Amino acid sequence: MDLLDDDGLTNGTLTLSNSRDATLVVACGAIAREILAINEILSWDNISIKCLPAIYHNHPEKITPAVIDAVKNNKQKYQKIYVAYADCGTGGMLEKACKDLGVEMIQGPHCYSFFEGNISFAKRLNPTAFFLTDFLARQFDAFVWRPLGLEKHPELIDAYFGNYTKLVYLAQTNDEVLKKKATECARKLNLEFEYKLTGYGDLKNTIIKWKGAID
């Protein structure tokens, strides 16, 4: 079974652990592939990773309680715990919780920002843009098309997306198949398409910093 099955990461939890590891990263399932890829680049393989359901992206009120539980349930097992979430729609609640728990989280409002780089994203002057990442391009139907009822009622597209002008695909990998999928998503939503290969952005920079603190 593929541990990184997209449907599994969307609705379930994933734990990759080793009893010898002293560090735990509590992460969103939507960035599980990216975290593992960065760790492989950095040769940082002696950590444990616990990914929470990516569908919390659509229910941000669930993120903070789930992170609190994950940290509290593992605090005695690990010397260091990091949280691989940005604010992600929690309205500052996750940042406050992380401070109270004494754990560090990723800076930025959401994954679109830290993938592009928080400084670069803050300079964007397109508030009418709808964003996708690699994961969301693969899981567009599960996160957008079906939850909004567009599969059965495509006439609602203008009601949901009438104020958007473009779909921006912030790509972590140079994958023509995913680029084609994202282009098709833009077409289905009647939006212009913009592509930017961001790589891992500030997620990689953050993990490099975390690894440096442990080393």
Side-chain angles (χ1 to χ4, degrees), residues 2-6 8-9 12-54 56-57 63-64 66-88 90 92 94-122 133-136 138 170-175 178 196-215:
D2 182 6
L3 290 175
L4 296 181
D5 170 72
D6 288 323
L9 291 170
T13 59
L14 169 68
T15 302
L16 301 173
S17 63
N18 187 315
S19 60
R20 296 171 298 175
D21 297 342
T23 303
L24 173 70
V25 174
V26 177
C28 173
I31 61 172
R33 293 175 185 269
E34 288 72 23
I35 291 174
L36 292 175
I38 294 167
N39 288 349
E40 184 174 351
I41 292 170
L42 300 178
S43 298
W44 195 20
D45 55 2
N46 61 335
I47 66 170
S48 294
I49 300 170
K50 182 177 182 61
C51 291
L52 303 177
Y56 290 174
H57 180 277
I63 294 175
T64 301
V67 170
I68 291 173
D69 285 346
V71 172
K72 286 185 175 180
N73 290 339
N74 289 280
K75 204 148 192 180
Q76 301 304 316
K77 302 177 186 177
Y78 297 92
Q79 296 177 18
K80 198 74 175 179
I81 298 179
Y82 295 105
V83 173
Y85 276 92
D87 180 74
C88 298
T90 68
L94 182 59
E95 181 179 13
K96 181 182 184 304
C98 287
K99 286 182 178 178
D100 291 343
L101 292 166
V103 297
E104 184 178 342
M105 61 183 280
I106 300 174
Q107 295 300 304
H110 38 58
C111 60
Y112 315 123
S113 181
F114 67 63
F115 275 136
E116 182 167 11
N118 287 318
I119 293 176
S120 177
F121 191 89
T133 61
D134 280 7
F135 182 84
L136 292 175
R138 291 193 301 268
L170 302 174
Q172 285 67 71
T173 55
N174 188 8
D175 187 320
L178 283 182
K196 182 174 182 179
L197 180 60
T198 65
Y200 303 124
D202 284 343
L203 176 63
K204 183 177 181 181
N205 296 334
T206 300
I207 293 177
I208 288 174
K209 183 180 72 170
W210 290 348
K211 183 176 186 294
I214 298 300
D215 292 345

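Just so it is clear, the model here is predicted, and its values are computed rather than measured. Along the sequence shown, residues are numbered consecutively beginning with 1.
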A.B. asks: Rounded to the nearest 0.5 Å, what separation is found between the CD1 atom of Ile208 and the CG atom of Leu203?
C.D. replies: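 Answer rounded to 0.5 Å: 10.0 Å.
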A.B. asks: Provide the closest heavy-atom pair for Val26 versus Tyr85 in the form atom of the first, atom of the second, distance.
C.D. replies: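 For Val26 and Tyr85, the tightest heavy-atom pair comes out as O-CD1, 4.3 Å.
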A.B. asks: Enter the distance from Lys211:NZ to Asn39:CG here, rounded to the nearest 0.5 Å.
C.D. replies: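 One gets 9.5 Å once the value is rounded to the nearest 0.5 Å.
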A.B. asks: Report the residues that fulfil side-chain contact (heavy atoms from CB on, under 4.5 Å) with Lys80, sequence neighbours left out, ordered by chain and then residue number.
C.D. replies: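 side-chain contact (heavy atoms from CB on, under 4.5 Å) list for Lys80, sorted by chain: Thr23, Tyr82, Ile214.
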A.B. asks: Check the pair Leu14, Lys50 against side-chain contact (heavy atoms from CB on, under 4.5 Å), reporting the backbone distance first and the verdict last.
C.D. replies: CA-CA 6 Å; Leu14 169 68; Lys50 182 177 182 61; over 6 Å; no
A.B. asks: Between atom CG of Asp100 and atom NZ of Lys96, what is the distance when rounded to the nearest 0.5 Å?
C.D. replies: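 It is 4.0 Å, given to the nearest 0.5 Å.
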A.B. asks: Provide the closest heavy-atom pair for Ile106 versus Trp210 in the form atom of the first, atom of the second, distance.
C.D. replies: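 Closest approach of Ile106 to Trp210, heavy atoms only: CG1-CH2, 4.0 Å.
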A.B. asks: To the nearest 0.5 Å, what is the distance between CD1 on Ile31 and CG on Leu9?
C.D. replies: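 Separation between the atoms: 11.0 Å.
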A.B. asks: Any side-chain heavy atom of Gln107 within less than 4.5 Å of one from Phe114?
C.D. replies: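 They are not in contact (no side-chain heavy atoms under 4.5 Å apart), so the answer is no.
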A.B. asks: How long is the span from the CD1 atom in Ile35 to the CD1 atom in Ile47, to the nearest 0.5 Å?
C.D. replies: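 Ile35 CD1 to Ile47 CD1: 7.5 Å, rounded to 0.5 Å.
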A.B. asks: Counting neighbours of NZ on Lys77 that are heavy atoms of other residues, nucleotides or ligands and sit closer than 6.0 Å, is the number greater than 12?
C.D. replies: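 No.
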A.B. asks: What's the separation between atom CG in Asp6 and atom CZ in Arg33, rounded to the nearest 0.5 Å?
C.D. replies: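 Reported to 0.5 Å precision, the distance equals 4.5 Å.
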A.B. asks: Write out all pairs satisfying salt bridge (charged side-chain N to carboxylate O under 4.0 Å, His left out) with one or both partners inside residues 103-114, taking only residues at least two apart or from two chains.
C.D. replies: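 Found Glu104-Lys209.
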A.B. asks: Can you give me the closest heavy-atom contact between Gly108 and Asn118, atom names plus distance?
C.D. replies: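 Nearest heavy atoms, Gly108 then Asn118: CA-OD1, 3.5 Å.
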A.B. asks: Kindly determine whether Ile207 and Val25 satisfy side-chain contact (heavy atoms from CB on, under 4.5 Å), including the steps that lead there.
C.D. replies: CA-CA 10 Å; Ile207 293 177; Val25 174; over 6 Å; no
A.B. asks: Under the rule for ring-ring contact (aromatic ring centres under 6.0 Å, His included), what residues qualify as partners of Phe135, not counting sequence neighbours?
C.D. replies: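 Once residues adjacent in sequence are excluded, the partners of Phe135 under the ring-ring contact (aromatic ring centres under 6.0 Å, His included) criterion are Phe143.
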A.B. asks: Just to verify, what does Ala171 make a side-chain contact (heavy atoms from CB on, under 4.5 Å) with, not counting sequence neighbours?
C.D. replies: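 Counting only residues at least two positions away or on another chain, Ala171 forms a side-chain contact (heavy atoms from CB on, under 4.5 Å) with Asp134, Tyr169, Tyr195, Leu197.
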A.B. asks: Which atom pair, heavy atoms only, marks the closest approach of Leu94 to Ala86?
C.D. replies: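 Leu94 and Ala86 have their closest heavy atoms at CD2-O, 3.4 Å.
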A.B. asks: Of all residues at least two apart in sequence or in a different chain, which pass the salt bridge (charged side-chain N to carboxylate O under 4.0 Å, His left out) check with Lys99?
C.D. replies: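 Per chain and number, Lys99 pairs via salt bridge (charged side-chain N to carboxylate O under 4.0 Å, His left out) with Glu95.
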A.B. asks: Between Met105 and Cys88, is a side-chain contact (heavy atoms from CB on, under 4.5 Å) present by the stated rule, with each step listed?
C.D. replies: CA-CA 11 Å; Met105 61 183 280; Cys88 298; over 6 Å; no
A.B. asks: Return the minimal non-hydrogen interatomic distance between Leu136 and His57, and the atom names on each side.
C.D. replies: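 Answer, listing the atom of Leu136 first, then His57: CD1-NE2, 4.0 Å.
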A.B. asks: Is there side-chain contact between Glu34 and Cys111, with heavy atoms separated by less than 4.5 Å?
C.D. replies: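 No, their side chains stay 4.5 Å or more apart.
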A.B. asks: Looking at Cys28 and Ala54, what are the two nearest heavy atoms and their distance?
C.D. replies: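 It is SG-CA, 4.1 Å.
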A.B. asks: Under a 3.5 Å distance rule, please check whether Gln76 uses its side chain to pair with a backbone N or O of Asn74 as donor and acceptor.
C.D. replies: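 Such a contact is absent between Gln76 side chain and Asn74 backbone.
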A.B. asks: Determine whether a donor-acceptor pair (N or O, by modelled atom type, separation under 3.5 Å) exists between the side chain of Asp87 and the backbone of Thr90.
C.D. replies: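 Yes.
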A.B. asks: Among all residues two or more places apart in sequence or in another chain, which pass the side-chain contact (heavy atoms from CB on, under 4.5 Å) test with Ile68?
C.D. replies: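 side-chain contact (heavy atoms from CB on, under 4.5 Å) list for Ile68, sorted by chain: Thr64, Lys72, Ala97, Leu101.
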